Amino acid sequence: MTVKIERGQIVTVERGQRAARRIPGLGLLDGMAVVWKHWAGSFRKNQGFNDIHGVFTFEYPEERPKLPEAYRNMPILLYDEETGHELCTSCFQCERICPPQVIHMTQARDPATGKPVPAVAEFVIEYDACMSCGFCAEVCPFDAIKMDHEFELSTAEHRGLTVFKEQLNRPISYYERIAPTMWAEVREGAMKKLQGNIKRRPDVIGMAPNLAEKIAARRRELEAATAAPEAPAAAPAEGRKLTPEEKAAKLAAIKAANAAKKGGSTVEPAAPPTEAAPADEKAARLAAIRAKNAARQAGEAIAAAPAPEAAPADEKAARLAAIRAKNAAKKGAEGAPAPEAAAEHPPAAGTAAPAGEAATVAGAAPADEKAARLAAIRAKNAAKKAAEGHDAEGS
Amino acid sequence: MFKTEELQINIGPQHPSTHGVFRMLVTVDGETIIDLKPVFGYLHRNHEQIAEQNTYLQNMPYTDRLDYFNSMANNQAYAMAVEKLAGIEVPERAEYIRVLMVELTRILNHAGALGFLINDMGMWQTQLAFGMREREKILDLFEMASGARMMCNYFRFGGVVRDLPPEFMPKLKELLVAMPAFVDELERLLRENEILMQRAEGIGVLPRELALAYSVTGPVLRGSGVPYDIRKAEPYSVYDRFDFDIPVGSVGDVYDRFLVRIEEMRQSKRIIEQIVEQLPDARGGHINPKARQNVRPPVGDAYARIESPKGELGFYLVSDGSPRPYRYKVRAPSFINLTPLGDMCRGYKVADVVVILGSIDIVMGEVDR
């Protein structure tokens with residue numbers, strides 16, 4: 001019985017019996033024939049999707065089916081073998097989207113300034129509770145987290161399933177091998193973003209911890225960069241010389257300090273301004289001038305900060321200069337003799353890291369003009385505030 | 001005759017037949033069942049409450065784990081509910097891919113379900129292995145597209161996560177070549193086999209009125225002779241573009257449910273063939289590029305339902321304007337189809353209980369949530 005409906009019909013399924021069933025036992029043999037046919041087929045291999053007979057199982061450990069590219073099991077973190085840097089910037093997107101909340105991370109911080117750096121310090125995934133949904137890999141804007149094809153993860157040690165960064169790290173070439181087209185789609189953008197992030201990572205932060213050689217090489221490189229031939233006024237305590245960028249930043253700090261000093265009557269030049277002209281000197285000088293003006297407005301200043309020791313990166317140096325200028329101006333306004341202005345900002349090169357690790361990032365050139373300008377603005381604001389405070393006190 | 005006492009026994013809760021942790025409190029008089037009470041809750045895992053703590057997107061992989069045979073169907077129902085709530089449009093191509101995946105799911109579900117049914121009848125593992133092999137092929141396709149075999153997590157609001165890979169379509173066409181032979185073979189096993197017929201014909205009758213009263217859906221309802229299929233009754237997605245029939249039974253016994261499922265596999269194949277034909281012309285991409293995944297739907301509620309392989313699967317969502325659903329309710333077909341089990345079993349033998357349970361086709365993950 002059938003009833004016509006829109007684009008189809010309602011069919012009452014046929015319960016009727018075929019001729020075979022009228023002879024008792026024949027249906028049974030017919031069913032057996034199906035099974036026997038499968039048995040006969042079990043002596044050959046299955047021919048593929050259009051074949052319903054044959055052996056379709058694999059002799060697993062020896063024989064492995066090819067996994068499709070999209071296959072996902074557990075998340076892994078990628079690093080670039082060329083530079084040794086990890087792609088992850090600890091943006092916390094995967095941590096936030098993870099449905100069972102098994103991803104945990106902390107952001108790396110610059111040991112000198114305490115400012116966050118676009119790199120990940122610690123990264124933990126609890127593999128035992130991971131549901132392999134792949135959201136982390138989907139949401140990652142830096143293509144740093146990807147889904148692995150490895151599935152033989154069984155272990156007798158439950159704690160071994162809390163996986164840290166060292167075990168999560170895989171080179172890009174590994175992912176490229178397991179998912180060539182999926183990586184090709186995102187490759188360009190990912191590498192571009194990585195280059196941008198490397199510039200903002202001081203020291204060896206953000207480098208894959210298992211690449212000991214790479215890290216050592218990078219250290220040597222950094223040390224070589226810091227040991228520049230010129231700059232005789234280097235801090236002797238550290239036994240190293242200044243790069244032009246550092247010099248410029250130092251200059252800015254000195255000028256700022258001088259300006260603060262000049263604001264008062266007691267003029268005691270701290271350090272004679274040298275006339276070295278590195279690439280970013282202009283920016284730093286501008287910062288110094290602005291800081292000077294600001295400090296002058298403060299009205300008075302008694303003692304100045306001593307010439308600060310060189311900070312590792314010039315961005316940092318400029319910022320430090322600004323902070324020192326600010327402190328100096330504040331102290332000046334308070335009318336108290338200024339002690340070591342930079343006491344709360346210890347020179348990074350000496351204290352923050354062991355002597356061997358103290359290194360600078362050379363080649364962060366594009367950022368420093370901006371940083372210097374920022375420093376100047378901050379110094380100006382601070383000085384203004386100090387002046388206001390002093391005025392209030394005076395009246 | 002001897003006077004016998006009624007006896008209460010438990011079937012389960014550890015895996016009665018092959019259907020997960022489920023307990024049946026059976027009152028028997030000799031071998032005859034007088035009463036049967038299904039007892040659920042052994043696999044309760046707080047699905048709905050967890051869903052109310054998650055964001056809308058975070059719930060997608062959890063829906064995979066409801067009815068773990070049909071993760072694609074669960075994904076579709078949930079995605080439709082959120083899309084309805086947030087007013088997200090789905091491109092044509094994405095709709096075709098979705099329907100393709102759900103129809104493949106229907107085939108693999110029925111192949112598995114009938115394998116389990118025959119398994120429950122005592123043809124231990126033979127037919128199940130045949131059914132599982134076909135299922136494996138479809139799972140291979142799912143793996144290609146979504147990356148996972150069972151927990152696909154393939155659907156997103158406004159489409160699917162990625163387009164079909166280039167090697168998908170040739171494989172699918174190969175699969176369709178072998179499909180009719182497989183379905184015929186499956187049918188031959190029961191239809192002609194006297195032993196299996198003895199276990200199926202006239203067993204576990206669910207009359208039409210009772211089926212409606214219990215609001216049973218899916219092949220169980222159609223087996224009882226009610227031509228109700230949401231794909232026809234309330235066409236969603238692109239189902240109004242395909243020609244397919246609705247098979248219904250006439251008696252409502254295990255045999256009818258078996259036949260309905262066999263026929264549904266054929267109809268699903270028919271739909272897939274039409275999709276293969278129409279997919280290249282479908283407009284749009286695999287996902288609506290404007291659709292945001294971290295949705296924050298306006299205040300309101302929505303109910304979306306689909307014809308999942310097991311029946312009407314619906315998601316009811318209430319939004320209070322936050323990124324998390326205020327209320328999340330699953331209308332699970334397995335759960336509702338299981339409730340008339342007592343009425344279906346009354347008067348039959350203890351050995352039939354397992355067969356009747358197998359013919360309902362339940363997945364405990366969905367029953368208990």
Side-chain angles (χ1 to χ4, degrees), chain A residues 1-3 5-18 20-21 24-35 37-38 46-54 56-57 65 67-73 96-101 131-135 137-139 147 149 181-182, chain B residues 54-55 57-62 64-65 126 130 133-134 136-137 140 143-148 151 153 161-162 165 167 171 174-175 177-178 181-182 185 188-197 225 227 232 240-251 255-256 259-260 262-263 293-294:
Chain A
M1 186 192 79
T2 57
V3 181
I5 52 167
E6 204 183 329
R7 304 210 74 146
Q9 54 195 12
I10 297 163
V11 191
T12 307
V13 286
E14 196 62 57
R15 286 173 70 93
Q17 298 143 5
R18 289 198 221 158
R21 283 199 64 214
L26 210 63
L28 199 63
L29 289 176
D30 199 30
M32 285 295 279
V34 173
V35 180
K37 205 174 165 192
H38 276 280
N46 182 274
Q47 300 299 308
F49 273 38
N50 49 8
D51 183 12
I52 62 165
H53 295 282
F56 56 93
T57 48
L67 293 169
E69 263 186 53
Y71 179 80
R72 57 184 150 87
N73 194 31
R96 238 172 277 144
I97 203 161
C98 181
Q101 300 280 299
M131 67 203 289
S132 305
C133 64
F135 278 158
E138 259 168 59
V139 81
M147 301 308 276
H149 285 196
T181 54
M182 281 169 75
Chain B
N54 282 347
T55 63
L57 183 62
Q58 280 177 344
N59 284 334
M60 191 62 87
Y62 281 96
D64 289 338
R65 283 139 177 95
T126 310
F130 303 161
R133 180 203 48 218
E134 287 312 297
E136 282 299 305
K137 289 179 188 169
D140 278 347
E143 194 178 24
M144 241 181 243
S146 74
M151 304 302 148
N153 190 20
V161 60
R162 65 178 74 85
E167 64 269 28
K171 284 274 184 196
E174 269 183 46
L175 181 81
V177 171
F182 163 71
E185 200 176 67
R188 234 171 102 194
L189 265 174
L190 188 67
R191 197 160 192 153
E192 306 284 313
N193 193 322
E194 281 88 351
I195 298 174
L196 298 182
M197 286 294 286
K232 286 282 187 209
D240 51 351
R241 302 182 191 186
F242 306 124
D243 296 317
F244 63 98
D245 302 342
I246 300 175
V248 293
S250 46
V251 180
Y255 187 46
D256 261 344
L259 293 174
V260 164
I262 289 279
E263 191 54 35
Q293 294 306 315
N294 50 349

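By convention in this document, chain letters (A, B, ...) are assigned in the order of the sequence lines, proteins followed by strands, and residues within each chain are numbered from 1. What you see is a predicted model, and the numbers here were worked out from it, not measured in a lab.
- Of all heavy-atom pairs between Gln58(B) and Gln101(A), the closest is NE2-NE2, 3.8 Å.
- Within the 4.5 angstrom heavy-atom criterion, only backbone atoms of Asp51(A) (N, CA, C, O) approach chain B.
- Only the side chain of Pro68(A) comes within less than 4.5 Å of a heavy atom of chain B; its backbone N, CA, C and O stay farther away.
- Heavy atoms of Leu29(A) lying under 4.5 Å from chain B are absent altogether.
- Note: Glu185(B) CD to His38(A) NE2 = 3.0 Å, rounded to the nearest 0.5 Å.
- A distance of 11.0 Å separates CZ of Phe182(B) from NE2 of His53(A), quoted to the nearest 0.5 Å.
- With respect to chain A, the highest number of heavy-atom pairs below 4.5 Å among Lys232(B), Glu263(B), Met151(B) belongs to Lys232(B).
- For the options Cys133(A), Gly134(A), Pro65(A), Pro99(A), heavy-atom pairs under 4.5 Å to chain B are most numerous at Pro99(A).
- Note on Ala148(B), Ala145(B), Ala178(B), Pro165(B): by heavy-atom pairs under 4.5 Å with chain A, the leading option is Ala178(B).
- Heavy atoms only, all atoms of each residue included: Val13(A) and Pro247(B) are closest at CG1-CB, 3.9 Å.
- Both the backbone and the side chain of Leu57(B) come within contact range of chain A, with heavy atoms under 4.5 Å apart.
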task: Start with the C-alpha gap between Arg72(A) and Asn153(B), add the side-chain angles, then the distance that decides, and say whether side-chain contact (heavy atoms from CB on, under 4.5 Å) holds.
output: CA-CA 11 Å; Arg72(A) 57 184 150 87; Asn153(B) 190 20; 3.6 Å; yes
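- To the nearest 0.5 Å, atoms CZ (Arg162(B)) and CD (Glu138(A)) are separated by 6.5 Å.
- At a 4.5 Å heavy-atom cutoff, the contact between Phe130(B) and chain A is made by side-chain atoms alone.
- Residue Lys137(B) comes nearest to Ile52(A) through the heavy atom pair NZ-CG2, 4.0 Å, listed as atom of the first residue, atom of the second, then distance.
- Both the backbone and the side chain of Asp256(B) come within less than 4.5 Å of a heavy atom of chain A.
- Of the residues considered (Ala181(B), Pro61(B), Ser250(B)), Pro61(B) shows the highest number of contacts with chain A, using heavy-atom pairs under 4.5 Å.
- Side chain of Asp245(B) to main chain of Gly8(A): no donor-acceptor pair is present (N/O by atom type, distance under 3.5 Å, no hydrogens or angles).
- With a 4.5 angstrom heavy-atom cutoff, Glu134(B) touches chain A only via side-chain atoms.
- Counting heavy-atom pairs closer than 4.5 Å to chain A, the top residue among Glu136(B), Lys171(B), Met60(B), Met144(B) is Lys171(B).
- Shown here for Glu143(B) and Ala70(A), the closest heavy-atom pair between the two residues is O-CB, 4.2 Å.
- Contact of the Glu167(B) side chain with the Glu69(A) side chain is not registered, since no non-hydrogen atoms from C-beta on lie closer than 4.5 Å.
- Inter-residue side-chain proximity for Met131(A) and Tyr62(B) is flagged as met; some heavy-atom pair is nearer than 4.5 Å.
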